[in-house]
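Counting starts at 1 for both ligands and their atoms, following the listed order. Heavy atoms only: backbone and side chains are in, while hydrogens, waters and symmetry mates are out.
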Amino acid sequence: MPEKKSTNDPCDRHIMQQAIEKALALGASIAGYVPARLLRGCPSARAEGYRGWDTFTGTVIVLGLYHDPARPEMDWWEEGRSTEGDRMLRRMTTAIAEWLRKEYGRDARDIPYQTGAGGIFLKDAAVLAGLGCIGVNNLVIVPKYGPRVRFRALWADLELKDTASVFLPSPCDECPRPCETACPQNALSGGRYSRERCLRRMDADRMEAAAKERHSGATSPVDHCRTCDLVCPAWTTPEKKRNARR
Ligand code: SF4
Ligand code: SF4
């Protein structure tokens, strides 16, 4: 365990700035941070109960990775291995944690993806870190990338008093809501997300993958529904640029 430095170290903000730059250099599309204490009362924790992550000192660094619709395999879930996109993110969070320990003697570690494994409510953390806002489709909509961003985080022994968050007006206010009409489960009816309905579709996706495995004898990743993600027109600069070149 590296030696713990003073929590009043004036360099914490500077170290954080470097950590964010490192995240972007490693391939993250976006990165930000939130003091861990703010996660204690985040909306999901209030709605779903407190579970998972239980460290409320220090800072959580949130990394986001754009999941290009042209590379759908980044989002395919494999039992015991997560998704390719999540593995990419984990390599980044692990590298940043190692760098913080070695370079600055600060304790730091990757945070598991799922709350059941000790993770945080990642979407809440991303919003609190100022990376985006929650859309009608219950996904974090990120400037430039829309809802096609997946998140992972690491914890660092850095004490920062506040986030770098900025107010982001919701793109949903002026939107005709294709996510609502396209959802195969009617899970966004009236602009309210129904977890129960959406989970039914997730279960069906898993069963479909299991049936494929039984039929083929080969591992079949779960290709979860992304309809409400893919139809969302908000803030998707890379795709607009690509379409403009065609
Ligand atoms: S499709 Fe429109 S309403 Fe739905 S999440 Fe995207 S911006 Fe919001
Ligand atoms: S993931 Fe699929 S089922 Fe769930 S809300 Fe989005 S479109 Fe509906």
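The pair R200-D203 does not meet the salt-bridge criterion, since no charged nitrogen lies less than 4.0 angstrom from a carboxylate oxygen. Here R226 pairs with D75 in a salt bridge; the nearest charged N to carboxylate O distance falls below 4.0 Å. Taking the charged nitrogens against the carboxylate oxygens, R152 and D110 do have a contact shorter than 4.0 Å, which makes a salt bridge.
Under a 4.0 Å criterion applied to the non-hydrogen atoms of R201, ligand 2 contributes the atoms 3 (S). Residue C175 approaches ligand 1 through these ligand atoms, each under 4.0 Å from one of its heavy atoms: 1 (S), 2 (Fe), 3 (S), 7 (S). For ligand 2, the atoms lying closer than 4.0 Å to a non-hydrogen atom of T227 are 7 (S). Residue P178 has at least one heavy-atom neighbour below 4.0 Å for each of these atoms of ligand 1: 1 (S). Proximity to I141 (heavy-atom distance under 4.0 Å) selects the following atoms of ligand 1: 5 (S). Taking every non-hydrogen atom of R177 and a distance limit under 4.0 Å, the qualifying atoms of ligand 1 come out as 3 (S). Below 4.0 Å from some heavy atom of C179 lie the following atoms of ligand 1, by number and element: 1 (S), 3 (S), 4 (Fe), 5 (S). Close contacts of ligand 2 with P184, meaning ligand atoms under 4.0 Å from a residue heavy atom, involve 7 (S). Under a 4.0 Å criterion applied to the non-hydrogen atoms of P233, ligand 1 contributes the atoms 1 (S). Heavy-atom contacts of Q185 reach the following atoms of ligand 2: 3 (S) (cutoff under 4.0 Å).
Residue E79 places its CD atom among 12 or fewer non-hydrogen atoms of other residues, nucleotides or ligands, all under 6.0 Å distant.
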Q: In sequence, state the C-alpha distance, the side-chain angles, and the governing distance for R206 and D223, and then conclude on salt bridge (Lys or Arg N to Asp or Glu O under 4.0 Å).
A: CA-CA 8 Å; R206 272 191 290 273; D223 184 7; over 6 Å; no
Q: Apply the test side chain to side chain contact (heavy atoms under 4.5 Å, CB included) to residues V60 and I120: give CA-CA distance (whole Å), side-chain angles for both, the deciding distance (0.1 Å), then the verdict.
A: CA-CA 9 Å; V60 168; I120 57 174; 3.7 Å; yes
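Using modelled atom types, one side-chain atom of R197 and one backbone atom of Q185 make a donor-acceptor pair closer than 3.5 Å.
Atom 8 (Fe) of ligand 2 has as its closest protein heavy atom C183 SG, 2.3 Å. Among all non-hydrogen protein atoms, the one lying nearest atom 6 (Fe) of ligand 1 is C232 SG, 2.3 Å. Looking only at protein heavy atoms, the nearest one to atom 2 (Fe) of ligand 2 is C225 SG, 2.3 Å. Among all non-hydrogen protein atoms, the one lying nearest atom 4 (Fe) of ligand 2 is C198 SG, 2.4 Å.
Atom 6 (Fe) of ligand 2 lies under 2.8 Å from an N, O or S atom belonging to C228.
Put simply, the side chain of Y145 reaches to within 4.5 Å of the side chain of S29, judged on heavy atoms.
Ring orientation note: the planes of W99 and Y104 are nearly perpendicular, at an angle over 60° on the 30°/60° scale.
Of the residues listed (M16, R37, E159), the one engaging T59 in a side chain to side chain contact (heavy atoms under 4.5 Å, CB included) is M16, and it is the only one.
In this structure, M202 counts as a contact residue of ligand 2, since one of its heavy atoms falls inside 4.0 Å of the ligand.
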